[in-house]
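Just below is one structure, and these are the notes that go with it.
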Amino acid sequence: MNKKIYIFDTTLRDGEQTPGVSLNINEKVEIAKQLEKLGVDVIEAGFPVASKGDFEAVKAISKNIKNTVVTGLARATKKDIDTAWEALKYARKPRIHTFIATSDIHMENKLKMKPKEVLKRACEMVKYAKSLCKNVEFSPEDASRTRKDFLYEVLEKVIDAGADVLNIPDTVGYTTPDEYGEFIKGIKENVKNIDKAIISVHCHNDLGMAVSNSLAAIKNGAEQIECSMNGLGERAGNAATEEIVMAIKTREDIYNSYTDVVTKEIMRTSRLVSDLTGIHIQNNKAIVGENAFAHESGIHQHGVLNCRETYEIMTPESVGLNKNSIVLGKHSGRHAFEKRLEEIGYNDLKEEKITEAFYKFKDLADRKKIVSDEDIEALVREEVFKVEETFKLEYYQVSSGSVVSTSTVKIRFKDEEINEAACGDGPVDATFKAIEKAIGINFNLKDYLLKSVGSGKDALGEVTVKIEKDQKIFSAKGISTDIVEASAKAFINSVNKMYCYI
Ligand code: KIV
Ligand code: ZN
């Protein structure tokens with residue numbers, strides 16, 4: 001019989017540790033709700049002791065998630081565990097995830113603790129966590145570089161102390177599939193009471209083997225995989241949730257396993273995470289990249305037209321890609337628009353958000369002949385994640401050509417209207433400078449990305465802007481058929497996001 005693999009999604013914890021990513025509470029709650037729709041078993045919502053923002057986000061997620069286990073990370077200290085529990089206690093199914101490093105290199109150089117002390121601390125803190133919460137996970141950090149006899153001892157003792165799940169991290173992404181598979185097998189064979197706990201794995205992608213290592217672990221007895229959407233995470237990231245899930249589904253014959261993930265929600269989850277984190281997905285990314293189901297060469301196209309399976313091992317529909325995406329135009333009414341929203345998965349939007357999105361849709365349909373599902377999704381997301389408009393762009397005008405560009409903007413700030421103009425190196429630069437003058441601050445622009453939503457000359461331009469303040473990144477998007485307008489909106493949105501935070 002096939003065995004169930006538990007999917008532990010850490011997009012909101014390890015994923016949020018991706019350089020340049022910082023999500024606000026609303027965004028984290030939206031992602032968590034979508035992860036629940038996706039059907040993951042565990043959502044790692046954050047690291048509550050890390051900051052007030054993290055704490056509040058874990059608390060909000062705990063209150064909002066209905067059926068999925070919600071966990072938060074805690075070092076093996078009372079303060080971390082107490083703080084994690086304070087945030088997690090509102091969850092219907094809480095879990096405390098505590099960790100301490102067990103490799104010699106980490107114990108000597110980071111913890112400055114002897115193995116004996118680490119063992120004692122691990123047991124005491126698992127016991128303490130268990131006194132607060134009936135579901136406890138323990139991770140010996142840097143497990144894959146830990147001396148095996150010491151690791152076995154730690155694992156045996158923490159199970160006795162009450163750990164329900166033992167996570168074996170390849171913290172630095174150093175292991176290989178064969179080695180890691182053997183490693184997990186060794187744990188199964190040498191830890192006496194291992195049948196009392198679930199073995200979990202958590203692989204980093206430094207050598208590009210995180211997914212392969214996790215799958216090798218399944219073959220050798222692991223039952224929980226820790227992974228993140230789009231492979232986000234520290235440094236080169238973690239094993240990608242969508243790749244793990246689709247590998248298990250597509251190669252059921254090899255892994256004899258299944259997950260409870262609703263694979264049709266994969267695309268939507270991936271896009272939401274990419275939009276909100278501002279981390280673009282490479283075109284050739286497995287499963288969720290733009291080209292993952294595109295057949296370019298004539299031979300391939302011919303093959304697929306005759307028989308899909310010649311070059312397709314999974315269907316685009318199975319991951320939620322809707323091929324018939326041309327839907328509405330300027331004569332479509334509100335009823336058709338709402339119906340389409342439901343079909344693409346937005347069935348719990350507030351009335352006023354639908355109304356706003358509908359106005360935007362009408363406006364877009366006037367400028368563009370055909371409005372696709374992707375366009376609608378972009379419009380809705382802009383509406384759903386709108387932050388309070390401290391600064392509002394009322395108007396802009398640019399003059400641009402082969403000479404220097406100039407831009408004039410009118411910005412509303414409370415009851416005040418501010419008009420400013422600036423010259424710049426191209427229309428976007430000039431507009432950003434004019435906005436900075438109007439607001440009276442020079443922002444540290446960390447990133448600017450322009451891409452089109454769909455294709456065609458009249459495609460929507462989607463701009464992502466990231467600005468930095470106090471080592472925190474604020475990322476926001478703007479969309480329009482006019483790319484200067486999209487850029488100006490993205491810039492103002494990121495400034496407004498920053499103001500909401502401070
Ligand atoms: O990579 C790692 O070791 C971790 C642990 C804290 C689980 O993220
Ligand atoms: Zn990690």
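One-based numbering, in listed order, for ligands and for the atoms of each.
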With Asn238 as partner, the option from Gln17, Arg13, Glu226, His202 fulfilling side-chain hydrogen bond (donor to acceptor under 3.5 Å, both in side chains) is His202
Students should be able to answer this: which protein heavy-atom is nearest to atom 8 (O) of ligand 1, and at what distance?
Arg13 NH2, 3.0 Å
Give me the residue, atom name and distance of the protein heavy atom closest to atom 1 (O) of ligand 1.
His204 NE2, 3.0 Å
Element-labelled atoms of ligand 1 that are located less than 4.0 Å from some non-hydrogen atom of Asp14
8 (O)
Hey, which atoms in ligand 1 end up nearer than 4.0 Å to a heavy atom of Glu141?
3 (O)
Metal-centred angle, the Zn ion (ligand 2) as apex - NE2 of His202, NE2 of His204, 10° resolution
100°
Nearest-neighbour protein heavy atom for atom 4 (C) of ligand 1, which is reported as residue plus atom name and distance
His202 NE2, 3.5 Å
Within the structure, does Ser139 bring an N/O atom to less than 3.5 angstrom of an N/O atom in ligand 1?
no
Please state which protein non-hydrogen atom is closest to atom 3 (O) of ligand 1 and give its distance, to 0.1 Å?
Thr171 OG1, 2.6 Å
Lys477 side, atom NZ; Glu462 side, atom CD - distance, nearest 0.5 Å:
4.0 Å
Identify whether NZ of Lys or CZ of Arg in Lys78 sits under 6.0 Å from the centre of the six-membered ring of Tyr128 and within 45° of that ring's axis.
yes
Asp9-Thr241 side chain donor-acceptor pair, cut-off 3.5 Å
yes
Parallel, tilted or perpendicular, judged at 30° and 60°: which one describes the rings of Tyr448 and Phe432?
perpendicular
Could you tell me whether Thr10 approaches ligand 1 through its side chain, its backbone, both or neither, with non-hydrogen atoms closer than 4.0 Å?
neither
Between Glu44 and Arg95, is there a side-chain N and carboxylate O pair less than 4.0 Å apart?
no
Are Lys451 and Glu290 close enough for a salt bridge, meaning some N to O gap below 4.0 Å?
no
Tell me, do Arg268 and Tyr346 make a side-chain contact under 4.5 Å, heavy atoms counted?
yes
So, is Glu234 placed with an N/O/S atom under 2.8 Å from the Zn ion (ligand 2), counting both backbone and side chain?
no
Of all N, O or S atoms in Asp14, the one closest to the Zn ion (ligand 2) is OD2
